[in-house]
Amino acid sequence: MTACPFSVASRQAVREALTHPHLGVRPMDEPVPAALIGTPAQSIFASLVRMNDGARQRELKGAIEAALAAITDDEIRQTTVYVAQRLAASLTTAEQLTRFNYALPICVLAELLGVAYQDRSALVDEVLDFVRCIAPGGSTEQMAAGAVAAGKLQARMQQADGPLFDQLCQHIGDRSLAIANAIGLLFQACEGTAGLIGQTLLLANQRHQPVEALILEVLQQTPPIHTTRRFARQATLLDGQPLPVGQSVLVQLKTPQESFAFGYGAHRCPGERWARLIALAGIGHLSTLNVKPELLNQFRWRVSQNACVPEFYTVEESDDDRRDF
């Protein structure tokens with residue numbers, strides 16, 4: 001794999017990259033990251049619809065879309081309100097707000113998947129650790145912790161019995177594959193929805209507009225997932241430029257002409273409806289708590305190569321003190 005990425009940032013070039021027949025989501029010589037080989041994360045990663053291409057991906061994507069579509073808007077809203085009330089009956093610190101933003105999408109999905117958990121905090125930690133070993137840029141320690149978390153999530157999912165998990169099993173037709181992609185939903189929802197909630201709260205703190213309009217503005221102007229990657233599976237051309245085999249391509253999802261907040265083409269995220277509904281209901285719950293505006297005064301951006309998630313905090317921390325939420 002060529003280390004220095006080729007970058008595209010115009011609407012035409014982004015569309016071309018995300019539908020290009022010779023570009024894939026993984027390098028040909030590394031379908032699974034080397035650090036995950038021999039760990040519980042290996043089989044999960046290899047089974048994720050997000051990490052596959054071609055006929056296998058298209059069939060699996062269709063099954064996941066059907067499963068997600070089977071859950072109604074009302075079910076998603078009601079579950080979000082139920083979960084939000086239990087995650088934050090009150091909220092007094094900026095750190096609690098940040099934690100709520102990450103936990104809400106994870107726990108809403110877990111509730112509808114029927115994942116057994118006594119300690120929501122442990123479940124959220126496992127998903128956040130898993131994200132670090134799937135997303136680009138993870139350190140050796142993060143990859144190791146994420147692999148351990150993958151095993152724990154896989155064990156939890158063995159007992160899943162919720163309506164969303166039933167739909168995944170029904171449409172995918174393979175329980176092991178359904179388990180891997182249920183974990184994939186947790187991974188994909190986490191940063192993107194947390195970023196959508198956090199950025200919308202920042203806008204709402206600046207001006208009074210309907211929350212739906214502010215959510216749309218975030219998605220159009222500063223999408224929480226702002227880049228993705230592709231890899232040349234053979235020598236080819238992109239945007240009129242030659243790419244050698246293995247060349248990595250950094251795809252900017254916000255262009256001057258259009259926002260691709262949920263991607264484009266075969267790998268377009270199937271969770272847009274879910275993200276919007278969870279963000280809207282979650283912010284609605286926060287509005288009932290009379291959260292102090294000053295909790296939004298200090299924030300930093302999550303350390304991530306592809307996500308824009310504001311992390312609110314109360315006390316300035318040194319780099320040595322910094323921790324994931």
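Numbering starts at 1 and runs along the sequence shown.
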Original post:
Are W301 and L250 connected, step by step, through hydrophobic side chains (Ile, Leu, Val, Met, Phe, Trp, Tyr) whose heavy atoms are closer than 4.5 Å?
Top reply: no
Original post:
Taking atom CZ of F312 and atom CZ of F100, what is their separation to the nearest 0.5 Å?
Top reply: 12.0 Å
**OP:** Indicate, with yes or no, if L296 and F299 share a hydrophobic cluster defined by side-chain heavy-atom contacts under 4.5 Å among Ile, Leu, Val, Met, Phe, Trp and Tyr.
**Re:** yes
Original post:
Are any non-hydrogen side-chain atoms of L23 and L243 less than 4.5 angstrom apart?
Top reply: yes
Subject >> Minimum-distance pair of heavy atoms, taken over all atoms of A178 and C169 >> reply: CB-SG, 3.9 Å
Subject >> V81/Q85 under side-chain contact (heavy atoms from CB on, under 4.5 Å): CA gap, chis, key distance, verdict >> reply: CA-CA 6 Å; V81 171; Q85 290 171 343; 3.6 Å; yes
Original post:
Is the closest side-chain heavy-atom distance between L18 and R268 below 4.5 Å?
Top reply: no
**OP:** Walk me through it: do Q96 and L295 pass the test side-chain contact (heavy atoms from CB on, under 4.5 Å)?
**Re:** CA-CA 10 Å; Q96 289 173 346; L295 297 190; over 6 Å; no
Subject >> Minimum side-chain heavy-atom gap V127-Y102 below 4.5 Å >> reply: no
Subject >> 4.5 Å side-chain heavy-atom contact, L128 and R132 >> reply: no
Original post:
What heavy-atom pair brings A110 and L123 nearest, and what distance separates the two atoms?
Top reply: CB-CD2, 3.6 Å
**OP:** For the pair V108 and L104, evaluate side-chain contact (heavy atoms from CB on, under 4.5 Å) and give the outcome as yes or no after the intermediate values.
**Re:** CA-CA 6 Å; V108 169; L104 184 64; 4.0 Å; yes
**OP:** Start with the C-alpha gap between R120 and L87, add the side-chain angles, then the distance that decides, and say whether side-chain contact (heavy atoms from CB on, under 4.5 Å) holds.
**Re:** CA-CA 8 Å; R120 285 187 174 87; L87 285 174; 3.6 Å; yes
**OP:** Answer yes or no: is there a donor N or O on one side and an acceptor on the other, between the side chain of Q199 and the main chain of C308, under 3.5 Å?
**Re:** yes
Subject >> Same cluster (ILVMFWY, side-chain, under 4.5 Å), I172 and I71 >> reply: yes
Subject >> Where I64 and P270 come nearest, the two heavy atoms and their spacing >> reply: CG2-CG, 4.4 Å
Original post:
Is D73 salt-bridged to R276, going by a charged N under 4.0 Å from an acidic O?
Top reply: no
Original post:
Taking T80 for the side chain and I278 for the main chain, is one N or O donor matched with an acceptor at less than 3.5 Å?
Top reply: no
**OP:** Test side-chain hydrogen bond (donor to acceptor under 3.5 Å, both in side chains) on T228 and R50 and set out the steps.
**Re:** CA-CA 11 Å; T228 189; R50 174 65 183 82; 2.9 Å; yes
**OP:** State, yes or no, whether a side-chain contact exists between V25 and R230 at a heavy-atom distance under 4.5 Å.
**Re:** yes
Original post:
Within a radius of less than 6.0 Å around NZ of K152, do more than 12 heavy atoms belonging to other residues, nucleotides or ligands occur?
Top reply: no
Subject >> Donor-acceptor contact present, side-chain T193 to main-chain A275, <3.5 Å >> reply: no
Original post:
Does L186 reach the side chain of F130, with side-chain heavy atoms less than 4.5 Å apart?
Top reply: no
Subject >> Distance (rounded to the nearest 0.5 Å) between L109 CG and E111 CD >> reply: 10.5 Å
Original post:
Under the 3.5 angstrom rule, does the side chain of N52 hit a backbone N or O of A46 as a donor-acceptor pair?
Top reply: yes
Original post:
Between R58 and G62, is there a donor-acceptor pair closer than 3.5 Å when you use the side chain of the first and the backbone of the second?
Top reply: no
Subject >> Contact summary for A235 and V245, nearest pair of heavy atoms >> reply: N-CG2, 3.3 Å
**OP:** Answer yes or no: is there a side-chain heavy-atom contact under 4.5 Å between D239 and E16?
**Re:** yes
**OP:** Could you tell me whether a side-chain N or O of T288 sits under 3.5 Å from a main-chain N or O of H285, the two making a donor and an acceptor?
**Re:** yes
Original post:
E95 side chain to T314 main-chain N or O, any donor-acceptor pair under 3.5 Å?
Top reply: yes
**OP:** For the pair Q257 and T255, evaluate side-chain hydrogen bond (donor to acceptor under 3.5 Å, both in side chains) and give the outcome as yes or no after the intermediate values.
**Re:** CA-CA 5 Å; Q257 305 88 359; T255 75; 3.3 Å; yes
**OP:** Please round to the nearest 0.5 Å and tell me the distance separating atom CG of D174 and atom CG of L168.
**Re:** 12.0 Å
**OP:** State whether the side chain of R273 and the backbone N or O of L68 hold a donor-acceptor pair below 3.5 Å, judged by distance alone.
**Re:** yes
Original post:
Does the K61 side chain pair with the main chain of A266, one donor and one acceptor, at a distance under 3.5 Å?
Top reply: yes
Subject >> Within 6.0 angstrom of Q12 CD, more than 12 heavy atoms from elsewhere >> reply: no
**OP:** Could you grab the distance from atom CD of E65 to atom CG of L60, nearest 0.5 Å is fine?
**Re:** 10.5 Å
Original post:
If only atom types and distance count, is the side chain of N306 paired as donor or acceptor with the main-chain N or O of A135 below 3.5 Å?
Top reply: no
**OP:** Report the relative orientation of the aromatic rings in H20 and H22; use parallel for angles under 30°, tilted for 30 to 60°, perpendicular for over 60°.
**Re:** tilted
Original post:
Quick one: CG on L289 to CG on L91, what's the gap to the nearest 0.5 Å?
Top reply: 6.0 Å
**OP:** Using the rule that two of Ile, Leu, Val, Met, Phe, Trp, Tyr join whenever any of their side-chain heavy atoms come within less than 4.5 Å, decide whether L203 and V309 are in one cluster.
**Re:** yes
Original post:
Just how far is it from atom NE2 of H267 to atom OG1 of T19, taken to the nearest 0.5 Å?
Top reply: 11.5 Å
Original post:
With hydrophobic residues grouped by side-chain heavy-atom distances under 4.5 Å, do L177 and I179 end up in a single group?
Top reply: yes
Original post:
Do L219 and F262 come within less than 4.5 Å of each other through their side chains, counting heavy atoms only?
Top reply: yes
Subject >> Atom of L36, atom of Q42 and distance for their closest heavy-atom approach >> reply: O-CB, 3.3 Å
Original post:
Which atom names give the shortest non-hydrogen contact between L112 and T79, and what distance separates them?
Top reply: CD2-OG1, 3.7 Å
Subject >> Atom CD of E59: over 12 foreign heavy atoms under 6.0 Å >> reply: no
